[in-house]
Amino acid sequence: MTEVAQTEVTGEFHLSAGDFRQISAIMHAETGVLLDESKNNLVYSRLAKRLRLLRLKNFSEYCAFIESEDGAGERDAMIAALTTNVTRFFRESHHFEHLKKTILPPLIEQAKQGGKIRFWSAACSSGQEPYSMALTVLSLLPDAAKYDVKILATDIDPNMLAFGEAGIYDAALMADIPAELGRRWFAPAKDQPGFFAAGEELRRLVTFRKLNLIGDWPMQGKFHAIFCRNVVIYFDDPTKTKIWDRMVRVMDAKAALYIGHSERLGGKAEQLLRSDGITTYRHKSSMTVPA
Ligand SMILES: C[S@@+](CC[C@H](N)C(=O)[O-])C[C@H]1O[C@@H](n2cnc3c(N)ncnc32)[C@H](O)[C@@H]1O
């Protein structure tokens, strides 16, 4: 693979500057993800296998295909290939500690009196984030299934949602889960040596749904905790600001919003929320609302 001009890549296939611009414009319009010119090699390497599979000669044929009526499915495959899905169980563990120590105790008391607990993992990738939220709930409320506890897990990528729904993980990934929680809520996967499956009590707390963060949000009601981590980092500034503003509107008065370690709030969210720990935010008004 050789880089010819700034955005042109040649090799097995030719990716012209125009092809790159077309692909990045579609990604931006459909997902909010910004692919600047430095991402040309990433675009080439992630999509080359799609071209091989479709037996196309170059990226201009690929661009023509994704713009055609028959190429609608391939547009989704392209989006899936170009999004970054890196995640881990209990990633940025301070967020789960805050959830456990600050957010959950009053909610659990309310749930025991018939109240709801509603959490959202807003770019859940392959499920490690929402399952870590569910494991945090189970660590304090092992019989959570008896109460009205729901964790919504959404992502734009259907492959990731299917992965999360299956709830089967390589033993190496399980190392990030506190041993006691892993032993209690996962079991060796049937017919898959070296893999572990989320147990029924864990899975039933989490619902996976496709949702594009820059599209409609059909959910009703407010959330007590939102994890929106390591996704808006890929968006442009106006899109980031819009997402944070929308997040504030779906947060319950005492909710927490957890964001990625390299992300910053902007817009109204910055004025309405206060820091309550590392990349952890709550409504300013929650300071005066008794717990
Ligand atoms: C790096 S992962 C973050 C996973 C998890 N939140 C974490 O921090 O470990 C980013 C996820 O955002 C998803 N994504 C990208 N654009 C999106 C959009 N417009 N709407 C919803 N999800 C999106 C990707 O599919 C990917 O699974």
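Position 1 is the first residue of the sequence, and the numbers go up from there. Note that ligands are numbered from 1 as they come in the structure, with each ligand's atoms numbered from 1 the same way. Excluded from the calculations below are hydrogen atoms, water molecules and symmetry mates; all remaining heavy atoms, backbone and side chain alike, are included.
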Run the numbers for me: atoms of ligand 1, each under 4.0 Å from some heavy atom of [X], listed by number.
X	answer
Ala123	3 (C), 4 (C), 5 (C), 6 (N), 11 (C), 12 (O)
Val86	1 (C), 2 (S), 3 (C), 4 (C), 9 (O)
Leu211	20 (N), 21 (C)
Asn212	18 (C), 19 (N), 20 (N)
Asn230	1 (C), 2 (S), 3 (C), 7 (C), 8 (O), 10 (C)
Asp157	25 (O)
Ser125	4 (C), 27 (O)
Val231	12 (O), 14 (N), 15 (C), 23 (C)

Pair [X]-[Y], side-chain donor/acceptor within less than 3.5 Å:
X	Y	result
Thr87	Gln128	no
Asp70	Ser68	no
Asp252	His283	no

Assess whether a salt bridge exists between Asp276 and Arg274, defined as any Lys/Arg side-chain N lying under 4.0 Å from an Asp/Glu carboxylate O.
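Looking at Arg274 together with Asp276, the answer is yes, because their closest N to O distance falls below 4.0 Å.
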Lys240 bridged to Asp237 by N-O distance under 4.0 Å:
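Salt bridge present between Lys240 and Asp237.
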Which bit of [X] gets closer than 4.0 Å to ligand 1, counting heavy atoms only: side chain, backbone, both or neither?
X	value
Thr154	neither
Arg229	both
Thr83	side chain
Phe235	side chain

To the nearest 0.1 Å, how far is [atom] from its closest protein heavy atom, and which atom is that?
atom	result
atom 20 (N) of ligand 1	Leu213 N, 2.8 Å
atom 9 (O) of ligand 1	Thr87 OG1, 2.6 Å
atom 17 (C) of ligand 1	Ile156 CG2, 3.7 Å
atom 10 (C) of ligand 1	Thr84 O, 3.2 Å
atom 25 (O) of ligand 1	Asp155 OD1, 2.6 Å

Would you say Asn85 has any N or O atom under 3.5 Å from an N or O of ligand 1, going by distance alone?
yes
Gly32 versus ligand 1: do any nitrogen or oxygen atoms come within less than 3.5 Å of each other?
no
If you measure from atom 7 (C) of ligand 1 to every heavy atom of Arg91, Met160, Met27, Glu30, which option wins on shortest distance?
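Minimum heavy-atom distance to atom 7 (C) of ligand 1 goes to Arg91.
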If you define the side chain from C-beta out and look only at heavy atoms, does anything of Val43 sit under 4.5 Å from Ser24?
no
Heavy-atom check, side chain of Arg229 versus side chain of His95, under 4.5 Å:
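With C-beta onward as the side chain, the pair touches.
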Please confirm whether the ring centroid of Phe96 lies under 6.0 Å from the ring centroid of Tyr258.
no
Between Phe227 and Tyr131, is the ring centre distance below 6.0 Å?
no
Please check if Met78 and Leu213 belong to a single hydrophobic cluster, counting links between Ile, Leu, Val, Met, Phe, Trp and Tyr side chain heavy atoms closer than 4.5 Å.
yes
Parallel, tilted or perpendicular, judged at 30° and 60°: which one describes the rings of Phe89 and Tyr169?
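Ring orientation, 0 to 90° scale: perpendicular.
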Check for a donor-acceptor pair, side chain of Arg282 on one end and backbone N or O of Lys254 on the other, with a separation under 3.5 Å.
yes
